[in-house]
A.B. asks: 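Got a structure for you, questions after.
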Amino acid sequence: SFIAYADYTQPPTTQRKLFPNLCVVFTGMRYCRLHAIGNPNCPSRIRFGEAVEGWSKIANHKTCYLFNGNLAENTVPFSQISIWKHDIPYFKEKGCEGITFESWTGWEIMGPHVHLGMRLAYDPEADADKIMDDYFMKFFGAKAGTFMKEYWMGIDRAFANLKCHSGSFYALPPVYTPEFLAKCQKLLDQAAAAAKEDKNHAARVAMHAEGFKNALQFRQIFDAMNRGDFIEAKKVYDDLLSR
């Protein structure tokens, strides 16, 4: 196998077939990390889809190497639910025989889409919406699950609809606006109140609330630096790091 990676992502301009025993591994490292392939708001992921199409025409064997998180930014809550819902069946349709996920262990900032990605990797034809409903209701309980679903799907929509394609942390301020942070906090507070009678569900909501604090503190650091108040920014940063 060989990886169509970094400077070698694009398929050959000639359409000569590869030797039949060669397997190309697709990866979108140099493309937008925030949107699904073909998203009309994202020229970058449209180009990635074109690269996949090109390789698919000349390779007998294909797999994909996917980043199960926001590559170069694993601090704040991030969702790829809508990405995997589209992209994993898409890769299967293009003849991919397997997936390698590069994943991180931050359940409080990326747990739902990691769960969905693994489930769809085993069964790309499964109903992604039913998988996620099952996740939210069982993981957080029926009472809190409704609020946690709204919390996570709101984050998913915020990134999916974002007309920004920057990697790392550069796309975060347009998502985590003061208004959106307030909406997320309200949903987490409602979930905590709904889950208080079950210690396991309450602990899981609390874990995700800790992840959300990262977004609050990121915004505080961002705003303090824009004011030129680097002493305050460093104070918040140290608190985030110690927590």
A.B. asks: Looking only at heavy atoms, what is the nearest atom pair of A158 and F180, with distance?
C.D. replies: CB-CZ, 4.1 Å

A.B. asks: Salt bridge check, D127 against R119: does any charged N sit closer than 4.0 Å to a carboxylate O?
C.D. replies: no

A.B. asks: For residues D239 and Q217, is any side-chain donor paired with an opposing acceptor at under 3.5 Å?
C.D. replies: yes

A.B. asks: Can a donor-acceptor pair be found, under 3.5 Å and without considering hydrogens, that links the side chain of E179 to the backbone of L181?
C.D. replies: no

A.B. asks: Judged by modelled atom types alone, do S82 and Q80 share a side-chain donor-acceptor pair under 3.5 Å?
C.D. replies: no

A.B. asks: With side chain to side chain donor-acceptor pair (under 3.5 Å) as the rule and sequence neighbours excluded, what pairs involving residues 227-236 come up?
C.D. replies: K234-D238

A.B. asks: Does V175 share a hydrophobic cluster with M225, counting links as ILVMFWY side-chain heavy atoms below 4.5 Å and allowing steps through other members?
C.D. replies: no

A.B. asks: Can you establish whether the number of heavy atoms outside K85 located under 6.0 Å from its atom NZ is more than 12?
C.D. replies: no

A.B. asks: Out of curiosity, F26 CZ to I37 CD1, how far, rounded to the nearest 0.5 Å?
C.D. replies: 9.0 Å

A.B. asks: Does E125 pair with K92 as a salt bridge, N-O distance under 4.0 Å?
C.D. replies: no

A.B. asks: Taking atom types as modelled, find out whether H113 and W152 have a side-chain donor-acceptor pair closer than 3.5 angstrom.
C.D. replies: no

A.B. asks: Let me check something: do F19 and I3 share a hydrophobic cluster, defined by ILVMFWY side-chain heavy atoms less than 4.5 Å apart, either directly or through other members?
C.D. replies: yes

A.B. asks: Answer yes or no on whether R204 is positioned over the face of F139, meaning its NZ or CZ is under 6.0 Å from the six-membered ring centre and within 45° of the axis.
C.D. replies: yes

A.B. asks: Do H61 and V24 touch side chain to side chain, with heavy atoms closer than 4.5 Å?
C.D. replies: no

A.B. asks: Given 3.5 Å as the limit, does a donor-acceptor pair link the side chain of R45 with the main chain of H35, or not?
C.D. replies: yes

A.B. asks: Can you get from Y176 to L240 by hopping between Ile, Leu, Val, Met, Phe, Trp and Tyr side chains that sit under 4.5 Å apart?
C.D. replies: no

A.B. asks: Does the S168 side chain pair with the main chain of Y170, one donor and one acceptor, at a distance under 3.5 Å?
C.D. replies: no

A.B. asks: Using only atom types and a distance under 3.5 Å, with no angle test, would you say the side chain of D134 pairs donor to acceptor with the backbone of K130?
C.D. replies: no

A.B. asks: Below 4.0 angstrom, N of the basic side chain to O of the carboxylate: do E50 and R47 qualify?
C.D. replies: no

A.B. asks: Is there a path of hydrophobic side-chain contacts, each under 4.5 Å between heavy atoms of I/L/V/M/F/W/Y residues, joining L241 to F230?
C.D. replies: yes

A.B. asks: Please determine if E197 and K143 form a salt bridge, counting it only when a charged side-chain N lies under 4.0 Å from a carboxylate O.
C.D. replies: yes

A.B. asks: According to the side chain to side chain donor-acceptor pair (under 3.5 Å) rule, which pairs have a member within residues 3-15, sequence neighbours left out?
C.D. replies: D7-R30, Q10-Y31

A.B. asks: For the ring pair H208 and Y151, is the centre-to-centre distance below 6.0 Å?
C.D. replies: no

A.B. asks: Provide the closest heavy-atom pair for H165 versus N41 in the form atom of the first, atom of the second, distance.
C.D. replies: CE1-O, 3.0 Å

A.B. asks: Hydrophobic cluster membership, with links at side-chain heavy-atom distances under 4.5 Å among I/L/V/M/F/W/Y: are I109 and Y135 in one?
C.D. replies: yes

A.B. asks: Mind checking side chain to side chain contact (heavy atoms under 4.5 Å, CB included) for T146 and listing every partner two or more places apart, or none if nothing turns up?
C.D. replies: M137

